[in-house]
2 protein chains.
Amino acid sequence: MALEHAILVSLLEQPGSGYELARRFDRSIGRFWTATHQQIYRVLRRMEADGWIAAEEVAQDGRPDKKVYSAAGPGRAALAEWLREPVEPETVRHELAVKIRAAAFDDPSALISEVERHRESHAALLARYLHGEERDFPDLAALDARQQLQYVVLRGGIEYERMTLAWLDDVLATLRRLAGAGDEQDSEFR
Amino acid sequence: MALEHAILVSLLEQPGSGYELARRFDRSIGRFWTATHQQIYRVLRRMEADGWIAAEEVAQDGRPDKKVYSAAGPGRAALAEWLREPVEPETVRHELAVKIRAAAFDDPSALISEVERHRESHAALLARYLHGEERDFPDLAALDARQQLQYVVLRGGIEYERMTLAWLDDVLATLRRLAGAGDEQDSEFR
DNA sequence: TCCTGCTATGCAACGAGTTGCATAGGCAAT
DNA sequence: ATTGCCTATGCAACTCGTTGCATAGCAGGA
């Protein structure tokens, strides 16, 4: 499990409460590691019990109190140890790929609007990444080590989205070709 | 959950036993949807109970009997229904991306050999994809609908691996630059 | 001969992840 | 006034996924 490590990294970059972490996982980090607030709260409690992180109660006005966590020494040590362990091969779950192969046994044209929706959401994400690139990394010469590593991960996201967009266009062309051919075949029976 | 649907697609493409399915998930399908034999057996039993698939006991000599499953009518109907439902946004788990950001709080050079190993395994996978492309899709003009859809998924895999290789080179260059800078800084203290 | 490995299926236990719901105050709009 | 949304945390129940182990016959090599 690496959720604990993803949380540690996030807390090292910036301390925060469970709620704040959940929102970070919905945004930036969440593009590389997803988690719900339930998971995060549970893991935070375990990590605090293990001494990986330290909590501080913070009173707020007009809002519920929050517990702000930050990474502690044992947490940093655990992270360093994890870094030296080999990663297990990524488990991939490409639902759309399964659907595309499934379309062979049904009507391929039924998938077109679905793929178009995917295309749009990937295009929107790419735009957000590019915006973040301009905003967070304007001066390439002035980046410290942490920023350089954040930036190379962002570049990976950008390239992934570009590649995915091109592939989805390829998929759409294929589906439309098959839908067209299917129509022609139907018309032969008239 | 889409494991059931991935299994249905696989059985529609070619009937098989639980064991055979598990091996397919280790190979071709497994690049887009992973599953262990335990999961597969459990889901197969449920699907058979629901009438989605039909089983036939097959005696073999020199080997244990096997149960060969094939997709039944209700299974096809369930698949068609699923095709019309929108997919939930893919849950991504990019452990390496987390590690790269974590490296900012430890020694970046400790990650280099890890990334190199990843690079090699992606290069090997790309080679296998390209080999499969030559073997399974030599005559592009003669592909039926099913093959065209399989091929467009394979093209996605190929482009993904190419993109990943390029990104890992980018990551390696960044890590080496940081490792070099770290060494130089150390040497200033001598 | 023994050990390893392959085919083929399965149980039991655990850990990870999801979903629904609850609390509780504040804010803004209808 | 009521409705709905936001911050902030949490319980309980469930499903999904993983790991370890078991059986059982056959094949091949040390």
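Just so it is clear: chains get the letters A, B, ... in the order the sequence lines come, proteins before strands, and each one is counted from 1.
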**Prompt:** Do A:W52 and A:Y41 belong to the same hydrophobic cluster, where Ile, Leu, Val, Met, Phe, Trp and Tyr are linked whenever their side-chain heavy atoms lie under 4.5 Å apart, directly or via other members?
**Reply:** no

Counting just side-chain N and O atoms, does [X] come under 4.0 Å of either OP1 or OP2 of [N]?
X	N	result
B:R23	C:dT7	yes
B:Y19	C:dT7	yes
A:Y41	D:dT9	yes
A:Q38	C:dT18	no
A:R42	D:dC11	no
B:T36	D:dT19	no
A:S17	D:dT9	yes

**Request:** Return the 5'-most residue of the pair A:E4, B:G18 with respect to DNA chain C, ranking by each residue's nearest nucleotide.
**Result:** B:G18

**Contact nearer the 5' end of DNA chain C, comparing B:R45 with B:E20** = B:E20

**Any side-chain heavy-atom pair of B:I158 and B:E133 under 4.5 Å** = yes

Tell me the interatomic distance from [X], atom [atom1], to [N], atom [atom2], rounded to whole angstroms.
X	N	atom1	atom2	result
A:Q39	C:dT19	CD	P	11 Å
B:H37	D:dT19	NE2	P	12 Å
B:D65	D:dC26	CG	P	12 Å
A:L3	D:dG17	CG	P	17 Å
B:I40	C:dG10	CD1	P	13 Å
A:D26	C:dT18	CG	C1'	14 Å
A:I7	C:dA16	CD1	P	12 Å
B:R93	C:dG15	CZ	C1'	13 Å

**Message:** Test side chain to side chain donor-acceptor pair (under 3.5 Å) on A:E13 and A:Q150; report intermediate values, then the result.
**Reply:** CA-CA 10 Å; A:E13 289 177 354; A:Q150 286 179 347; 3.2 Å; yes

**Message:** Check this for me: does any side-chain nitrogen of one of B:E20 and B:K66 sit under 4.0 Å from a carboxylate oxygen of the other?
**Reply:** yes

**Asked** Charged N to carboxylate O under 4.0 angstrom, B:R45 versus B:E48?
**Response** no

